[in-house]
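Throughout, numbering of the chain's residues begins at 1 and tracks the sequence.
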Amino acid sequence: MSTDAPMAQSPFDPETSRIERVLCFTAHPDDIDFGAAGTVAAWTRAGVQVSYCIMTDGDAGGFDPAQREEIVRLRTAEQQRAAALVGVTEIHYLHQRDGYLEPSHEVMRDVVRLIRQLRPDVVLSMHPERNWNRIQKSHPDHLAVGEAVTRAVYPALENPFAYPELAAAGLAAYKLRWLWLFAGPEERENHFVDVTDHVGSKLAAIHIHTSQHPDVAAMDRTVRGLMLEVGERAGLPAGRSAEAFHVVAVNGPGTIAGF
Ligand SMILES: [Zn+2]
C-alpha cells in the first residue's frame, strides 16, 4: 500500500453495523459480477438477503451480430444463473434502454420506490464519478446509475413529499443508513472486503455471462489480477483478494436533515 496517500478511514464498522438486507443497483447484466460478486457471496453466506436492480436489459451488449434479436432474453437468463451462484434470487429490472441511461426523475422515482419497498440497510451502487485510470469502468450508463441512486437516497427517499404518488401508494419515506459505491476512482476507496474465499464463486458468476466475453481466459486472468491488486491496496497479506468500495454514511447518529 502506498504510504504517501493515506487511505480514508471507512465509516463502516462491521462489528457495530448489522446488515440484514442489501439492494444493489447496476446498469447492465454482469456489472455486479465484475464489481462486487465476491462481497455479495460473503454477505449471502452470512445470511444477508441481497437483491439486484439492473437498470437496463443490456440490449446493446454482446459481440455476435446474429444474437441481436435474442440478446435481452440471453442476458436476463445469464444474470439469473450468475446471481444464483452467489446466493441471489431476487432481480428487478427498470428496462431502461442500454446506452441511454440518465439520472432522470423517472429513474430516480423507480429507485426511491424500490428502496422504500425493500428498506435495505445498505444500498450498493455503481459510483457516480469517473475512474480516469480505467475508463472502461466508467461507462456513461454506470455513472448515470451512480448519479441517479445518489440523488435518490437523499433527499427524495426520506422526503414523503418527493414523488408524492409513492407515499400515496403506501410507500413510507425511509432513511437509508449506508450507501456503498463501487467502480469509482481509486482515491475515493475507503473500505475493502477480503473476498479471498469467494474468488471461485465470483469467477464462476462472471463466466456465466458468456455472451459478453470474447476471450474467457484473458478475462479470468485480468479479474484475478485486479482482485489481488485491490488486496494489496487494502493492506492485506500477499495473495489475498479484495473488492474496494467508497462507503458513505447517509444517515447516522450525528445526521441532521438539511446539513
Ligand atoms: Zn456495464
* Test side-chain contact (heavy atoms from CB on, under 4.5 Å) on His92 and Leu114 and set out the steps. => CA-CA 9 Å; His92 303 263; Leu114 193 55; 3.8 Å; yes

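- Of the possible polar contacts, one joining the Thr56 side chain to the Ala27 backbone as a donor-acceptor pair under 3.5 Å is found.
- Leu143 and Phe245 fall into different hydrophobic clusters, where Ile, Leu, Val, Met, Phe, Trp and Tyr are joined by side-chain heavy atoms under 4.5 Å apart, directly or via other members.
- Both Leu157 and Ile19 belong to a common hydrophobic cluster when Ile, Leu, Val, Met, Phe, Trp and Tyr are linked at side-chain heavy-atom distances under 4.5 angstrom.
- Scanning both residues, Ala82 and His209, for their nearest heavy atoms gives CB-NE2, 3.5 Å.
- Residues Ala37 and Val86 approach most closely at O-CG1, 3.7 Å, considering heavy atoms.
- When the side chains of ILVMFWY residues are joined at heavy-atom separations under 4.5 Å, either directly or via intervening members, Leu181 and Leu226 end up in two distinct hydrophobic clusters.
- The backbone N or O of Thr39 sits less than 3.5 Å from a side-chain atom of Glu243, completing a donor-acceptor pair.
- Between Ile91 and Ala83, the closest heavy-atom pair is CD1-CB, 3.7 Å.
- Taken together through direct or relayed side-chain contacts under 4.5 Å among Ile, Leu, Val, Met, Phe, Trp and Tyr, Tyr174 and Val250 form part of one hydrophobic cluster.
- Side chains of Ser241 and Leu228 form a contact here, defined as non-hydrogen atoms less than 4.5 Å apart.
- Between Met219 and His207, some side-chain heavy-atom pair lies under the 4.5 Å cut-off.
- Note: the hydrophobic cluster containing Val48 also contains Leu176 (ILVMFWY, side chain heavy atoms under 4.5 Å, direct or indirect links).
- Looking only at atom types and distance, the side chain of His139 has no donor-acceptor partner in the side chain of Asp31 under 3.5 Å away.
- Heavy-atom minimum distance, Thr222 versus Ala218: OG1-O, 2.7 Å.
- At least one side-chain heavy atom of Arg113 sits under 4.5 Å from a side-chain heavy atom of Leu171.
- To the nearest 0.5 Å, atoms CZ (Phe182) and OG1 (Thr26) are separated by 6.0 Å.
- One finds the OG1 atom of Thr255 at 8.0 Å from the NZ atom of Lys175 (value rounded to the nearest 0.5 Å).
- A donor-acceptor pair is defined here as one N or O able to donate and one able to accept, closer than 3.5 Å; no such pair exists between the side chain of Tyr93 and the backbone of Ile54.
- Although no hydrogens or angles enter the test, the distance criterion places no donor-acceptor pair under 3.5 Å between the side chain of Tyr163 and the main chain of Asp110.
- At a threshold of 4.5 Å between non-hydrogen side-chain atoms, the residues Met227 and Val230 do not count as touching.
- Judged purely by atom type and a 3.5 angstrom limit, Asp59 has no side-chain atom pairing as donor or acceptor with the backbone of Val72.
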* To do: Check step by step if side-chain contact (heavy atoms from CB on, under 4.5 Å) holds for Glu78 and Asp30.
  => CA-CA 8 Å; Glu78 285 174 355; Asp30 83 4; over 6 Å; no

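- Relative orientation of the Phe12 and Trp180 rings is perpendicular, given thresholds of 30° and 60° on the angle between their planes.
- Pairing each heavy atom of Pro11 with each of Asn190, the nearest pair is CD-ND2, 3.5 Å.
- You'll find the side chain of Leu203 reaches within 4.5 Å of the side chain of Val223, heavy atoms only.
- The residues Arg240 and Asp194 are annotated as salt-bridged, a charged nitrogen and a carboxylate oxygen being separated by less than 4.0 angstrom.
- Using a 4.5 Å cut-off on side-chain heavy atoms (C-beta onward), Glu106 and Leu94 make no contact.
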* side-chain contact (heavy atoms from CB on, under 4.5 Å) between Val153 and Trp178, intermediate numbers included -> CA-CA 10 Å; Val153 300; Trp178 300 106; over 6 Å; no

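- Distance alone, capped at 3.5 Å, places no donor-acceptor pair between the Thr150 side chain and the Glu147 backbone.
- At a cut-off of 3.5 Å, with distance as the only test, no side-chain donor of Glu189 or His191 sits close to an acceptor on the other residue.
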* From CA spacing to verdict: salt bridge (charged side-chain N to carboxylate O under 4.0 Å, His left out), Glu186, Arg134 -> CA-CA 10 Å; Glu186 282 168 27; Arg134 191 169 282 276; over 6 Å; no

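- Listed for the Thr44 side chain is a donor-acceptor partner under 3.5 Å among the backbone atoms of Ala41.
- The distance from atom CZ of Phe34 to atom CD1 of Ile206, rounded to the nearest 0.5 Å, is 4.5 Å.
- The only member of Met126, Met55, Met108 that meets side-chain contact (heavy atoms from CB on, under 4.5 Å) when paired with Val149 is Met55.
- When atom types are taken as modelled, the side chain of Asp121 and the backbone of Arg21 share a donor-acceptor pair closer than 3.5 angstrom.
- Between the CH2 atom in Trp43 and the CD atom in Glu20 there is a gap of 13.5 Å [rounded to 0.5 Å].
- The distance from atom CG of Leu23 to atom OG of Ser51, rounded to the nearest 0.5 Å, is 6.0 Å.
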* To do: Show the numbers, then the answer: is there a side-chain contact (heavy atoms from CB on, under 4.5 Å) between Lys202 and Val195?
  => CA-CA 9 Å; Lys202 173 169 171 153; Val195 296; 5.6 Å; no

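- Residues Glu158 and Asn251 bring a donor and an acceptor atom of their side chains to less than 3.5 Å of each other.
- For the pairing with Arg188, the side chain to side chain donor-acceptor pair (under 3.5 Å) check across His246, Glu129, His127 returns one residue only, Glu129.
- Side-chain contact between Phe192 and Leu236 is absent, with no heavy-atom pair separated by less than 4.5 Å.
- No more than 12 heavy atoms of other residues, nucleotides or ligands lie within 6.0 Å of CZ in Arg45, so this atom counts as exposed by the packing criterion.
- Between His142 and His28, the ring centre distance stays below 6.0 Å.
- Remark: side-chain polar atoms of Arg75 are paired, donor with acceptor, to backbone N or O of Pro29 under 3.5 angstrom.
- We find the CG-CG distance between Leu74 and Asp57 to be 12.5 Å, quoted to the nearest 0.5 Å.
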* Worked verdict on Asp141 versus Gln96 for side-chain hydrogen bond (donor to acceptor under 3.5 Å, both in side chains) -> CA-CA 10 Å; Asp141 285 352; Gln96 293 290 316; over 6 Å; no

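- Between the Asp98 side chain and the Ala60 main chain, a donor and an acceptor come within less than 3.5 Å of each other.
- Scanning both residues, Ser125 and Gly146, for their nearest heavy atoms gives OG-CA, 3.8 Å.
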